[in-house]
Amino acid sequence: NDLQNRLSSYATALEQRVTQLLRDASQTLIWLAGRLSQQHPNTRLQQQSQRLDELDNRIKMTMQRQLAGLTSQLKLTTSRFTYQSPSTRLELSRANVAQLQRSLTAIIQQQLQNRQAVISQLERALNAVSPLATLSRGYAIVTHLPDNTLLRRSSDTNAGDALDIQLASGRLIAEVKSTQ
């Protein structure tokens, strides 16, 4: 009974920790999504993408560490059963461990699916403000050649200068005839 209580306690602690990690990660992602709409799309797109990768890696590493720790504890408990319990209690404990592992696997899979859904949602939000999406609406990105500096004003160029014009589909190399 004592060992079963320990296993139950371990399972409860694991579920609580994983739930807390998901809540923390969800809050972080919601905050990041709110900040995205307040920042320049191209810069925020790169920053949020990197941050998502970092958060995803941290969540995976934390879950792996916790899983390794719990697996180690389960192995230790199983070993103690082998030396201290009759075979029937040992068999019952093994069944318990297998159930906990199935539950843990199910929880981890659900959490990964939830994380992937959040990441997909953020990806759609990032794509909505992407400069490439702007190009598809008829805008263009114009850079001065040969240094590829972004051209914002006609006064930044002179007649005869070469320009690279990026469209939604393809590029144009143009020569300035005059500026206004």
Side-chain angles (χ1 to χ4, degrees), residues 1-137 139 141 168:
N1 287 336
D2 182 41
L3 293 172
Q4 286 177 338
N5 288 339
R6 279 190 201 170
L7 287 174
S8 179
S9 173
Y10 291 152
T12 302
L14 175 62
E15 287 181 78
Q16 290 173 349
R17 181 64 178 146
V18 168
T19 301
Q20 183 61 43
L21 286 171
L22 285 175
R23 271 193 228 117
D24 293 347
S26 292
Q27 290 299 321
T28 301
L29 289 174
I30 290 168
W31 178 81
L32 289 172
R35 297 256 319 164
L36 176 65
S37 64
Q38 299 172 359
Q39 302 294 324
H40 184 271
N42 194 26
T43 303
R44 295 306 298 165
L45 178 65
Q46 292 172 354
Q47 290 173 349
Q48 295 297 348
S49 177
Q50 184 177 9
R51 182 69 176 144
L52 282 174
D53 288 343
E54 291 170 1
L55 287 172
D56 189 44
N57 288 337
R58 283 176 54 195
I59 288 171
K60 286 177 183 176
M61 287 173 46
T62 300
M63 288 173 48
Q64 287 172 354
R65 280 194 306 266
Q66 288 181 345
L67 181 60
L70 287 173
T71 302
S72 175
Q73 289 175 352
L74 287 174
K75 286 180 182 178
L76 178 62
T77 302
T78 303
S79 174
R80 286 180 183 163
F81 279 134
T82 303
Y83 295 109
Q84 298 175 3
S85 301
S87 62
T88 55
R89 290 185 72 192
L90 178 60
E91 197 58 39
L92 181 60
S93 295
R94 285 182 180 159
N96 242 355
V97 168
Q99 178 59 38
L100 285 173
Q101 287 176 335
R102 284 191 298 273
S103 296
L104 180 61
T105 300
I107 289 169
I108 289 172
Q109 287 175 347
Q110 182 62 42
Q111 290 172 357
L112 288 175
Q113 288 174 354
N114 291 345
R115 297 270 66 19
Q116 288 171 346
V118 170
I119 288 170
S120 294
Q121 181 182 8
L122 287 173
E123 182 180 1
R124 285 191 298 275
L126 290 173
N127 286 336
V129 295
S130 168
L132 298 177
T134 303
L135 292 178
S136 68
R137 292 192 302 267
Y139 292 90
I141 298 174

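For clarity, every value in this text was computed on a predicted model and none was experimentally measured. All residue numbers in this chain count up from 1 along the given sequence.
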Please examine the side chains of [Y] and [X], heavy atoms only from C-beta on, and report whether any two atoms are closer than 4.5 Å.
X      : Y      : result
Leu52  : Leu29  : yes
Leu112 : Ile108 : yes
Ile59  : Leu21  : no
Leu32  : Leu55  : yes
Glu123 : Leu126 : no

Notebook entry, point to check: In terms of heavy-atom contacts, does CD of Glu54 have more than 12 from other residues, nucleotides or ligands at under 6.0 Å?
Noted result: yes
Margin query: Check this for me: Gln99, atom CD, are more than 12 non-hydrogen atoms of other residues, nucleotides or ligands nearer than 6.0 Å?
Written below: yes
Notebook entry, point to check: Between atom CD1 of Ile107 and atom CG of Leu14, what is the distance when rounded to the nearest 0.5 Å?
Noted result: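 Result: 6.0 Å between the selected atoms.
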Whether [X] side chain and [Y] backbone form a donor-acceptor pair below 3.5 Å:
X     : Y     : value
Asn5  : Asn1  : yes
Asn96 : Leu92 : no
Ser8  : Gln4  : no
Thr71 : Leu67 : yes

Check: Cut-off 3.5 Å, side chains only: do Arg23 and Gln20 have a donor facing an acceptor?
Finding: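 Result is yes, a qualifying pair exists.
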Next item on the list: Specify the closest pair of heavy atoms between Ser26 and Arg115, including all atoms of both residues, with the distance to one decimal.
Entry: N-NH2, 3.2 Å
